[in-house]
K.L.:
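I have a structure I would like to understand better, so I am pasting it below and will then ask my questions one at a time.
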Amino acid sequence: MTRQILVTSALPYANGPIHLGHLVEYIQTDVFVRFQRLRGHRVAYLCADDTHGTAIMIRAQKEGRTPEQLIADMSVQHQRDFAAFGISFDHYGSTNSRANHDIAAGIWRNLRAQNLVVERSVDRLYDPVQKTFLADRFVVGECPRCGAAEQYGDSCEKCGATYPATELKNPRSVHSGAKPELRPSAQLFVRLTPLQPMLQEWTQRSGALQAEVANYLAGHFLDKPLQDWDVSRPAPYFGFEIPDAKGQYWYVWFDAPIGYIAATREWCERTGQSLDDWWRKPGVEIVHFLGKDITYFHTLFWPALLHVGGYRLPSRVQIHGFLRVGGEKMSKSKGTFVTAAKYLEHLDAEWLRYYYASKLGNKIDDLDFQPDEFVGKVNSDLVGRVVNLASRTARFVEASGLSARYPDDGGRFARAAAQREAIAAAYEACDFREATRLVMLLADAANEYVEQKAPWTLKKDPARAAELQDTCTVVLNLFHQIAVYLQPVLPQLAAKAGALLGSSCDRWDLVATPLVGRPVAKFEHLMARVEPDKVQAMFTPELSAAPASAPPAPAASADDGATLTKEPLAPTITIDDFQKVDLRLARVVAAESIPEAKKLLRLQLSLGGGTTRTVFAGIKGAYAPEQLVGRLVVMVANLAPRQMKFGTSEGMVIAAGTDGEVFLLSPDAGARPGQRLH
RNA sequence: GGCAGGAUAGCUCAGCUGGUUAGAGCGGCGGCUUCAUAAGCCGUAGGUCGCCGGUUCAAGUCCGGCUCCUGCUACCA
């Protein structure tokens with residue numbers, strides 16, 4: 001029976017390049033998609049750039065161009081990267097499209113009609129000069145928790161606190177610098193409680209979710225009434241203005257997943273199909289692939305919107321974990337944050353496809369990229385075992401071609417063909433690790449056969465030419481089966497294998513029928529081996545020539561300004577402002593971990609002459625207490641004491657870092673505790 | 001602190017509804033081979049299945065407790 005399957009990968013945000021972490025998802029999805037096509041099912045693979053929201057708007061502003069220019073540029077980059085990795089979308093759209101607007105508007109009408117939209121007055125910050133409400137990111141002020149200056153209205157980049165913009169101290173508008181006023185704003189909310197029974201049913205009983213996800217939702221959200229979802233944002237906002245609410249825009253997460261449908265519509269229009277045939281027809285499977293960080297958007301809000309819009313609910317939400325490198329989070333400073341483009345400067349796309357596939361199970365576990373393992377898997381599995389089959393036999397039959405009749409092979413071909421349902425089941429379950437493992441067993445068996453038959457010996461005896469041809473016919477057929485089985489993972493390799501043997505390698509059932517009586521093309525290398533240095537090079541933050549399209553001059557990639565984008569320079573201050581801050585060198589005389597605290601160390605700092613301060617520092621993750629004792633640090637000596645859960649902190653230790661990194665500062669040799677920084 | 005998940009050979013992981021001597025790949029070690037991109041084949045060593053207790057004729061597999069790790073969450077500079 002032919003199934004009809006609509007598959008999506010989460011929409012990448014148009015605010016940054018595709019990196020190795022993204023690719024876990026797109027490769028996983030693409031393998032699934034290619035597998036389904038290989039099996040003869042009708043598949044639509046759709047994706048789009050997620051383009052709306054404040055982050056895009058601000059970035060565009062900083063770069064002195066319109067958001068539309070920014071997202072057009074990103075879309076080109078994204079699609080180029082995806083293409084290079086063989087990601088076979090049927091259509092790639094954008095959430096900033098006519099189709100997306102219209103579908104969002106349709107769902108919105110239904111929400112209104114079903115009385116699921118409520119308007120509530122929320123006090124928001126208003127810029128009296130510009131006469132606009134201010135989005136969180138357009139208000140700056142001091143963090144209500146840590147007092148850090150120049151923090152945005154949604155969260156503090158210093159201490160990680162999140163808070164409503166109204167709690168910022170000394171707030172001012174980014175536009176006018178004026179002090180914002182509190183004014184009531186009519187915000188629009190989607191009521192979710194009427195949909196709760198339906199969500200309860202779908203999450204707990206439909207089978208669409210992995211068990212751990214269903215548990216997570218049951219315990220976190222569905223155990224109490226769902227809160228109304230705030231879906232509007234006041235202008236200025238890069239997005240769609242809500243049709244019946246002037247000056248209000250849909251929050252980016254409202255229209256982002258709708259992009260799945262919009263991309264489908266554009267594709268249907270292009271190919272003369274009907275949208276309803278994919279999104280409303282019973283029996284069509286809808287499968288979403290996404291990362292664990294966006295679970296609840298896709299398992300609560302999204303099915304709610306689909307339900308209200310009259311669309312079918314997802315039949316499967318396949319959630320994966322994050323990518324780690326060498327057991328750690330990807331980090332720009334360590335060079336492990338690798339973009340797709342950078343990977344391709346050093347390595348082959350199919351290697352990554354195979355490596356990820358060979359590690360991906362059906363669990364939500366994180367996937368760890370281990371350089372040695374990567375080299376080992378590619379070189380021994382693919383080159384040493386699979387490709388080697390062709391390379392050690394094809395040349396012997398270049399002249400003769402394959403035998404006219406398939407020879408007796410002791411049942412090897414039949415046994416490998418008999419594996420097809422087991423391998424298919426593993427692919428179907430997204431247990432690609434199991435699928436590739438099963439295929440590698442076939443490669444082992446085939447190599448054994450080569451060893452047994454020793455074609456290199458047969459070759460020496462002209463009387464045994466037929467036996468040589470038969471042997472190679474068997475091995476090349478076993479190789480052909482493997483190429484077909486791996487086609488979802490390695491489409492390029494399958495194509496090359498096909499060219500060698502005159503097969504299309506594009507139907508699962510090809511594994512059941514031997515190829516006979518046909519020519520064998522001149523053998524060429526099917527896949528190169530990985531040089532370990534190249535992997536090292538990729539993970540080293542090294543000097544790299546700027547690609548033609550990138551504006552910045554060559555520079556150390558760690559100096560690429562990414563951190564500056566993350567945390568822009570603060571407004572100018574006077575020397576007097578600076579003088580207010582009394583920065584001092586201090587010696588750590590004692591340091592102890594606070595067991596109950598996740599991040600905090602309690603430090604005793606000496607400013608010399610018996611003056612000491614107790615300071616709590618959130619550096620537990622980066623420094624062990626014992627490695628701190630004795631060293632000099634920089635502290636803010638005149639910061640008002642702050643009562644904390646574990647005691648009073650009498651100052652603050654200065655450290656640099658982005659995204660949770662922590663780097664303490666040290667003076668050059670000779671400096672002494674108590675000295676002021678001028 | 002709450003919630004979710006995990007802890008099985010050096011590494012990455014399988015072990016379904018409890019049942020013979022706990023598995024795979026990689027890596028290690030020994031041997032063979034030389035057709036092949038220094039690839040391949042054969043053999044071999046390695047595990048108190050995190051810890052304690054319980055249920056059972058029988059537990060890696062179920063139950064309780066504990067320890068550690070990861071993630072999410074929480075006003076810990």
K.L.:
Please find the pair of heavy atoms, one from A/Gln204 and one from A/Ala214, that lie closest to each other, and give the distance.
P.N.:
NE2-O, 3.2 Å
K.L.:
Closest to the A/Ser391 side chain: B/C35, B/A36, B/C26?
P.N.:
B/A36
K.L.:
Does B/G71 have OP1 or OP2 under 4.0 Å away from a side-chain N or O of A/Arg324?
P.N.:
yes
K.L.:
How many Å lie between CG on A/Leu526 and C1' on B/A39, as a whole number?
P.N.:
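That distance rounds to 14 Å.
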K.L.:
Judged by each residue's nearest nucleotide on RNA chain B, which is more toward the 5′ side, A/Arg433 or A/Glu524?
P.N.:
A/Arg433
K.L.:
When the P atoms of B/A59 and B/G54 are compared, how many Å lie between them, rounded to an integer?
P.N.:
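That atom pair is separated by 12 Å.
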K.L.:
Provide the distance between the two C1' atoms, one in B/G23 and one in B/G15, to the nearest whole Å.
P.N.:
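Their C1' atoms lie roughly 7 Å apart.
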K.L.:
With sugar-phosphate meaning primed atoms plus P, OP1 and OP2, does A/Gly651 contact a base, only sugar-phosphate, or nothing at under 4.0 Å between heavy atoms?
P.N.:
base
K.L.:
From CG of A/Leu367 over to P of B/C11, roughly how many Å is that when rounded to an integer?
P.N.:
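Rounded to the whole Å, the gap is 18 Å.
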K.L.:
Do you see a donor-acceptor pair shorter than 3.5 Å between the side chains of A/Asp348 and A/Gln492?
P.N.:
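Result is no, nothing qualifies.
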K.L.:
Looking at B/C41, B/C26, B/U12, which one has an atom nearest to any side-chain atom of A/Glu448?
P.N.:
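Taking heavy atoms from C-beta onward, the closest nucleotide is B/C41.
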K.L.:
Considering only side-chain heavy atoms of A/Asp365, which listed nucleotide, B/A24, B/C41, B/G5, is closest?
P.N.:
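It is B/G5.
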K.L.:
May I have the distance from A/Leu217 (atom CG) to B/C3 (atom P), rounded to whole angstrom?
P.N.:
16 Å
K.L.:
Side chain of A/Asp366 only, please: which of B/U70, B/U12, B/U37 is the nearest?
P.N.:
B/U70
K.L.:
Is the number of heavy atoms from other residues, nucleotides or ligands within 6.0 Å of CD (A/Glu398) greater than 12?
P.N.:
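Counting neighbours around CD of A/Glu398, more than 12 heavy atoms of other residues, nucleotides or ligands fall under 6.0 Å, so yes.
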K.L.:
When the C1' atoms of B/G60 and B/G28 are compared, how many Å lie between them, rounded to an integer?
P.N.:
26 Å
K.L.:
The side chain of A/Asn388 is closest to which nucleotide in this list: B/G71, B/A39, B/A24?
P.N.:
B/A39
K.L.:
Could you state the atom-to-atom distance from CG of A/Asp381 to P of B/A39 in whole Å?
P.N.:
13 Å
K.L.:
Counting only side-chain heavy atoms from C-beta out, which of B/G40, B/G71, B/A77 sits nearest to A/Lys292?
P.N.:
B/G71
K.L.:
Which is true for A/Met527 with a 4.0 Å heavy-atom rule: it touches a base, it touches only sugar-phosphate, or it touches nothing?
P.N.:
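Here A/Met527 touches the bases of the nucleic acid.
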K.L.:
Within less than 4.0 Å of OP1 or OP2 of B/C35, is there a side-chain N or O belonging to A/Arg395?
P.N.:
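Checking A/Arg395 against B/C35: no side-chain N or O falls below 4.0 Å of OP1 or OP2.
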K.L.:
When all nucleic acid strands are considered with a 4.0 Å heavy-atom cut-off, which category describes A/Val213: base, sugar-phosphate, or nothing?
P.N.:
nothing
K.L.:
What is the separation between atom CG on A/Asp431 and atom P on B/A24, rounded to the nearest whole Å?
P.N.:
18 Å
K.L.:
I'd like to check A/Leu347 versus A/Leu352 (side-chain heavy atoms, cut-off strictly below 4.5 Å). Are they in contact?
P.N.:
no
K.L.:
Roughly how many Å is it from CG in A/Leu382 to C1' in B/C26, rounded to a whole number?
P.N.:
14 Å
K.L.:
Provide the distance between the two C1' atoms, one in B/G64 and one in B/C11, to the nearest whole Å.
P.N.:
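Between the two C1' atoms, the distance is 33 Å.
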K.L.:
Please give the distance between the P atoms of B/G53 and B/U17 as a whole number of Å.
P.N.:
26 Å
K.L.:
Hey, does A/Lys359 reach any base, or is it just sugar-phosphate, or nothing, if we go heavy atoms under 4.0 Å?
P.N.:
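Sugar-phosphate: the residue A/Lys359, judged by heavy atoms under 4.0 Å, touches backbone atoms but no base.
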K.L.:
Report the nucleotide, chosen from B/C35, B/C41, B/U12, that has the shortest atom-to-atom distance to any side-chain atom of A/Asp444.
P.N.:
B/C41
K.L.:
Please give the distance between the P atoms of B/A39 and B/G27 as a whole number of Å.
P.N.:
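It works out to 10 Å between them.
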K.L.:
Taking A/Asn362's backbone N and O only, do any of them form a donor-acceptor pair with A/Asp431's side chain (distance below 3.5 Å, no angle check)?
P.N.:
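Looks like no, no N/O pair under 3.5 Å.
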K.L.:
Heavy atoms only, 4.0 Å cut-off, all strands: where does A/Leu389 land among base, sugar-phosphate and nothing?
P.N.:
nothing
K.L.:
Does either side chain, that of A/Arg392 or that of A/Asn447, offer a donor lying less than 3.5 Å from an acceptor on the other one?
P.N.:
yes
K.L.:
Atom OH of A/Tyr354 and atom C1' of B/C26: how far apart are they, to the nearest Å?
P.N.:
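To the nearest whole Å, that distance equals 11 Å.
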K.L.:
Would you check if the distance from the ring center of A/His19 to the ring center of A/Phe337 is below 6.0 Å?
P.N.:
yes
K.L.:
Using the P atom in both, what is the distance from B/G6 to B/U48, to the nearest Å?
P.N.:
23 Å
K.L.:
Report the relative orientation of the aromatic rings in A/Phe432 and A/Tyr427; use parallel for angles under 30°, tilted for 30 to 60°, perpendicular for over 60°.
P.N.:
tilted
K.L.:
For the pair made of NZ in A/Lys377 and C1' in B/G27, what is the distance, rounded to whole Å?
P.N.:
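In whole Å, B/G27 C1' and A/Lys377 NZ are 12 Å from each other.
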K.L.:
Between A/Asn379 and A/Lys460, just flag the one whose closest nucleotide in RNA chain B comes earlier from the 5' side.
P.N.:
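Between the two, 5'-proximity favours A/Lys460.
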K.L.:
B/A77, B/U37, B/C41: which one has an atom nearest the side-chain heavy atoms of A/Met652?
P.N.:
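The nucleotide sitting nearest to the side chain is B/A77.
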K.L.:
Does B/G46 adopt a syn or an anti glycosidic conformation, taking syn as a chi angle within 90° of 0?
P.N.:
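Base orientation relative to the sugar is syn.
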K.L.:
Would you say B/A39 has OP1 or OP2 under 4.0 Å from some side-chain N or O of A/Arg529?
P.N.:
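Answer yes for this pair, as a side-chain N or O of A/Arg529 is under 4.0 Å from OP1 or OP2.
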K.L.:
Report the nucleotide, chosen from B/A77, B/C11, B/U37, that has the shortest atom-to-atom distance to any side-chain atom of A/Gln370.
P.N.:
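For the A/Gln370 side chain, the nearest candidate turns out to be B/C11.
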K.L.:
Base, sugar-phosphate, or nothing for A/Gly384, non-hydrogen atoms under 4.0 angstrom?
P.N.:
sugar-phosphate
K.L.:
Tell me whether A/Lys292 forms a cation-pi arrangement with A/Phe322, defined as NZ or CZ under 6.0 Å from the six-membered ring centre and within 45 degrees of its axis.
P.N.:
yes
K.L.:
Using only heavy-atom distances, determine whether the side chains of A/Asp409 and A/Tyr449 contain a donor-acceptor pair under 3.5 Å.
P.N.:
no
K.L.:
How close do A/Val439 and A/Ile482 get, heavy atom to heavy atom, and via which atoms?
P.N.:
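Scanning both residues, the minimum pair turns out to be CG1-CG2, 3.6 Å.
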K.L.:
With pairs taken as Watson-Crick or G-U wobble and both distances under 3.5 angstrom, which stems of at least three consecutive pairs involve RNA chain B?
P.N.:
B:1-7 with B:67-73, B:10-13 with B:23-26, B:28-32 with B:40-44, B:50-54 with B:62-66
K.L.:
Give me the distance, rounded to whole Å, that separates B/A24 from B/G47 when you measure between the P atoms they each carry.
P.N.:
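Per the computed distance, 15 Å lies between those P atoms.
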K.L.:
Looking at B/C35, B/U37, B/C26, which one has an atom nearest to any side-chain atom of A/Arg392?
P.N.:
B/C35
